[in-house]
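Let me begin by presenting the structure, written as structure tokens, before commenting on it.
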Amino acid sequence: MINIKEDEHLSRLNHSCAHLLAQAVKHLYPEAKFWVGPVIEEGFYYDIDLGDKVITEEDIPIIEKEMKKIAKDGKRIVRREISKSEALEMFKDDPYKLDLIDRMDEKETIISCYTQGDFTDLCRGPHVDSVKELKHFKLLKFSGAYFKGDAKNKMLQRIYGICFDTEEDLNKHLQELEDAKTRDHRKIGKDLDIFMSHDLVGKGMPLWLPNGAIIRKELENYIYKKEQKLGYKHVYTPCVGTVDLYKTSGHWDHYKENMFPSMKVDDEEFVLRPMNCPHHMLVYGNDIHSYRDLPIRIGEFATDFRYEASGAVKGLERVRCMCQNDAHLFVRPDQIGDEFRKVVELILDVYHDFGIKNYKFRLSLRDKEDKEKYFDDDKMWDEAESKLRNVLNDLGLNYYEAIGEAAFYGPKLDVEVKPAVGPEVTLSTCQLDFLLPRRFDLSYIDKDGSKKIPVVLHRAIFGTFDRFTAFLLEETKGILPLWLSPIQINIIPVNNEYHLDYCENLKASLLNYRVTLDDSDEKLSYKMRESSIKKIPITVIIGQKEVDNNTISYRLLGNNDTITVTKDEFYQYLEGRIINKD
Ligand code: TSB
Ligand code: ZN
């Protein structure tokens, strides 16, 4: 889908359309006051104070109509540069604009305003020449939005829209938006009974339903086997720790705003953990290690809690309670490159198994100026950053570098994916860390008998099971491979009276698979449709011919061909698909 912000012309068009929206709102609600109206990836929005008025579905076509009317009038959009005092006078009745103007430094910024007919807005621009260029737009949605994003402030009305040059472009885009909605994992998750939410549990705290739990268990088994083969040792640790644990790790100083508040129990003060690293540091520290023991790879499917803004939580993709496919790899400095390469190879291997192709590698580096966020050891950072870069280059991978995106403890590699709706998110991650082992006073005995400090690689291949499942549902449109499908085979007797026994025997012979038998009294065509709606990969249809010949007829999801085989052939076929992760 097009990113409006990245296209100079469309940015200008959409920004002008935001002004058109504001002008129309001002005509309809003269008391309206305006905060900001930026261009975003998906078009534009404007945050508006309408007093007690809350925008409803019915208001949107009325506003759109007024926008069309103003556009038809075809007034020119005129830019004017003004002094700060002029700006203060011009917007004296608008506290939001005054707030903006107050923070402007006349010497550094040119203050400008744009006028179209009876409407003037404070704005940096640029804009199109005339409102008559704004013909093909649509208001897409609306929501409440706190002034400056702060829940303590007043709730404003935010209206979103998008504008194109032609009706064709607009319609194409609207169709893409519709398609994205059907791909949205929140819709698929509901339709296929994968997860639910409930106010009584809380925001960003999804409940995995039986179908979802099957997917998650299969993912756990899958990655657990891979990690076992690679020498990982899995542990279980509590999902709370004391505040002191997080003070020791540095999270209390650097990550507190992402954590749930602490709670007192007797004389201890706990927090729900946002990360598992501190626990794993303690597990490592429980033993004395020789240089020969390293790398030591401690893995856990670990539940974490993070404070995500209520407006940011989203289905399974961004939650407040998540389960990481986490591991911390304790290595000697000379093992960093090798171990990092193994993690990248594991990521590539897993993505290959799942057929994931749409992703980007992002090498996240520190911002050298930001001494507050990043510990101050330029040599260590430079070395670490170039080690990661070298491995990526050796593997011949495409990646881009992002300054200031590193964790406070070191540089990292993130894998970025694009959800059906909304901005990119990180799936897998591998983060180098020279700091935490120091903070926990960890060591190993080197060849010469001296005590050395290990380096840690934090890595999560799926990221979290939550986010990975969300992504997978969107990539596959809910059509999961056989091995992951909550229901793998649905058996339908053509006639319950004559064919049910055969179907029951068949089901009993498929004990290793997740099988349903639809013996309801519905018509065959209805049952077949249901099977397809539930995205069941294989639907077996048993009629008289199959009973007489001791055969099986089946259809694959999305395909109307019926294939008839012997039972043995069917078992072999199933086995083959499971082995091939097909
Ligand atoms: C990899 N300490 C490391 C760990 O050892 C860590 O916590 N890294 S993280 O902060 O990047 O989180 C790991 C992964 O969790 C991310 O790559 C992302 O895929 C996933 N994740 C992060 N926040 C959320 C969230 N709110 N909801 C769902 N998944 C999330
Ligand atoms: Zn970690």
Side-chain angles (χ1 to χ4, degrees), residues 185-186 195 197 202-206 208 216 219 223 227 232 235 237 239 241 245-246 249-251 254-255 257-260 272-284 297-330 340 343 346-347 350-351 356 359-362 364 402 405-417 419 422-437 439-440 455-472:
H185 79 277
R186 289 168 291 188
F195 70 98
S197 313
K203 282 196 187 73
M205 306 276 185
W208 291 66
R216 179 151 157 186
L219 291 176
I223 200 73
E227 291 177 353
Y232 287 60
V235 297
T237 60
C239 62
L245 177 67
Y246 289 95
S249 68
H251 287 94
H254 292 278
Y255 204 73
E257 67 279 14
N258 300 88
M259 293 164 70
F260 277 61
L272 292 169
R273 68 174 172 194
M275 291 199 189
N276 319 302
C277 342
H279 293 76
H280 291 184
M281 300 293 135
L282 298 178
V283 171
Y284 176 92
R297 308 174 181 94
I298 298 171
E300 183 171 359
F301 301 150
T303 300
D304 295 319
F305 295 83
R306 290 188 187 174
Y307 170 73
E308 298 278 3
S310 65
V313 293
K314 180 177 170 201
L316 289 179
E317 181 187 305
R318 187 170 296 281
V319 291
R320 284 177 169 172
C321 170
M322 67 198 81
C323 183
Q324 282 197 35
N325 152 228
D326 202 4
H328 294 93
L329 319 175
F330 298 81
F340 178 63
V343 172
L346 178 58
I347 293 174
V350 169
Y351 283 28
I356 301 172
Y359 61 89
K360 283 190 276 188
F361 281 116
R362 178 181 72 175
S364 300
E405 289 296 325
F408 69 87
Y409 41 68
K412 57 178 179 160
L413 178 72
D414 292 321
V415 183
E416 297 294 294
V417 295
E424 286 189 333
V425 291
T426 302
L427 213 54
S428 313
T429 184
C430 184
Q431 313 166 357
L432 202 52
D433 183 352
F434 292 90
L435 198 64
L436 273 193
R439 286 183 160 266
F440 281 89
V455 178
V456 164
L457 277 89
H458 307 241
R459 46 104 289 177
I461 305 300
F462 286 148
T464 50
F465 291 97
D466 315 80
R467 184 168 288 178
F468 191 79
T469 303
F471 176 69
L472 210 55

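All ligand and atom numbering here is 1-based and tracks the order in the structure. A quick note: this is a predicted structure, and the numbers were derived from the prediction, not measured.
Not less than 6.0 angstrom separates the ring centroid of Y284 from the ring centroid of H328.
Those atoms of ligand 1 with a heavy atom of D326 less than 4.0 angstrom away are 1 (C), 4 (C), 5 (O). Interface atoms of ligand 1 facing H458, defined by a heavy-atom separation under 4.0 Å, are 1 (C), 2 (N), 3 (C), 4 (C), 5 (O). Those atoms of ligand 1 that come under 4.0 Å of a heavy atom in E308, given as number and element, are 23 (N), 25 (C), 26 (N). Contact atoms of ligand 1 toward Q324: 1 (C), 4 (C), 6 (C), 7 (O), 12 (O), 13 (C) (distance under 4.0 Å to a heavy atom of the residue). Here is the list of ligand 1 atoms found below 4.0 Å of a heavy atom in T429: 1 (C), 11 (O), 13 (C), 17 (O). Close approach to M322 involves these atoms of ligand 1, each under 4.0 Å from a residue heavy atom: 23 (N), 24 (C), 25 (C), 26 (N), 30 (C). The ligand atoms of ligand 1 that sit less than 4.0 angstrom from a heavy atom of Q431 are 3 (C), 8 (N), 9 (S), 11 (O). Of all the atoms in ligand 1, the ones that sit under 4.0 Å from a non-hydrogen atom of T426 are 17 (O), 18 (C), 19 (O).
Side chain of N325 to main chain of F462: a donor-acceptor pair is present (N/O by atom type, distance under 3.5 Å, no hydrogens or angles). Judged by distance alone, with hydrogens and angles left aside, the side-chain atoms of R306 form no donor-acceptor pair with the main-chain N or O of N258 at under 3.5 Å. E300 places no side-chain N or O within 3.5 Å of a backbone atom of N276 that could act as its donor or acceptor partner. Counting only distance, with no hydrogens or angles, the side chain of R273 and the backbone of D304 share no donor-acceptor pair below 3.5 Å.
Every residue meeting the side chain to side chain contact (heavy atoms under 4.5 Å, CB included) condition with T464, not counting sequence neighbours, appears here in chain and number order: M322, Q324, D466, R467. By the ring-ring contact (aromatic ring centres under 6.0 Å, His included) test, F434 is found to be paired with no residue, residues two or more places apart in sequence or in another chain being considered. Not counting sequence neighbours, the partners of H185 by the side chain to side chain donor-acceptor pair (under 3.5 Å) test are E474.
Residue contacts with ligand 1, taken as heavy atom pairs separated by less than 4.0 Å, involve R318 via backbone and side-chain atoms alike. Contacts between Y409 and ligand 1 below 4.0 angstrom, taking non-hydrogen atoms only, involve the side chain exclusively. Within the 4.0 Å heavy-atom criterion, the part of L427 lying near ligand 1 is the backbone and not the side chain.
When each of T429, I347, D326, L346 is tested with R459 by the rule side chain to side chain contact (heavy atoms under 4.5 Å, CB included), just one qualifies, namely L346.
With a 4.5 Å cut-off on side-chain heavy atoms, H458 and L436 count as touching. Side-chain atoms of H251 and P278, non-hydrogen and from C-beta on, do get closer than 4.5 Å to each other. Inter-residue side-chain proximity for K314 and P419 is flagged as met; some heavy-atom pair is nearer than 4.5 Å. Taking the side chain as every heavy atom from C-beta outward, F440 and L245 approach each other to under 4.5 Å.
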Practice task
Determine, step by step, whether Y351 and S428 satisfy the side chain to side chain donor-acceptor pair (under 3.5 Å) criterion, reporting the C-alpha distance in whole Å, the side-chain angles of both residues, the deciding distance to 0.1 Å, and the verdict.
Solution key: CA-CA 10 Å; Y351 283 28; S428 313; 2.6 Å; yes
Exercise for the section: Decide side chain to side chain contact (heavy atoms under 4.5 Å, CB included) for V425 and F471; before the verdict, give the C-alpha distance in whole Å, the side-chain angles of both, and the deciding distance to 0.1 Å. Expected result: CA-CA 10 Å; V425 291; F471 176 69; over 6 Å; no
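Closest protein heavy atom to atom 29 (N) of ligand 1: T464 OG1, 2.8 Å. Of the protein's non-hydrogen atoms, G463 CA, 3.9 Å is the one closest to atom 14 (C) of ligand 1. Of the protein's non-hydrogen atoms, the one nearest atom 27 (N) of ligand 1 is V319 N, 3.0 Å.
Looking at ligand 1, you won't find any N or O of F462 less than 3.5 Å from one of its N or O atoms. Polar contact check, H328 against ligand 1: a nitrogen or oxygen pair lies under 3.5 Å apart. For a threshold of 3.5 Å applied to N or O pairs, the pair formed by S428 and ligand 1 contains no separation below that value.
Contact detail for Y255 and P274: the closest heavy-atom pair is CE2-CB, 3.7 Å.
Residue-and-atom listing of protein N/O/S atoms under 2.8 Å from the Zn ion (ligand 2), sorted by chain and number: C277 SG, H328 NE2, H458 ND1.
Considering A312, C277, P278, P206 only, the shortest heavy-atom separation from atom 2 (N) of ligand 1 involves C277. Comparing E317, E416, R306 by heavy-atom distance to atom 23 (N) of ligand 1, the nearest is R306.
Taking a 4.0 Å cut-off on heavy atoms, H280 fails to register as neighbouring ligand 1.
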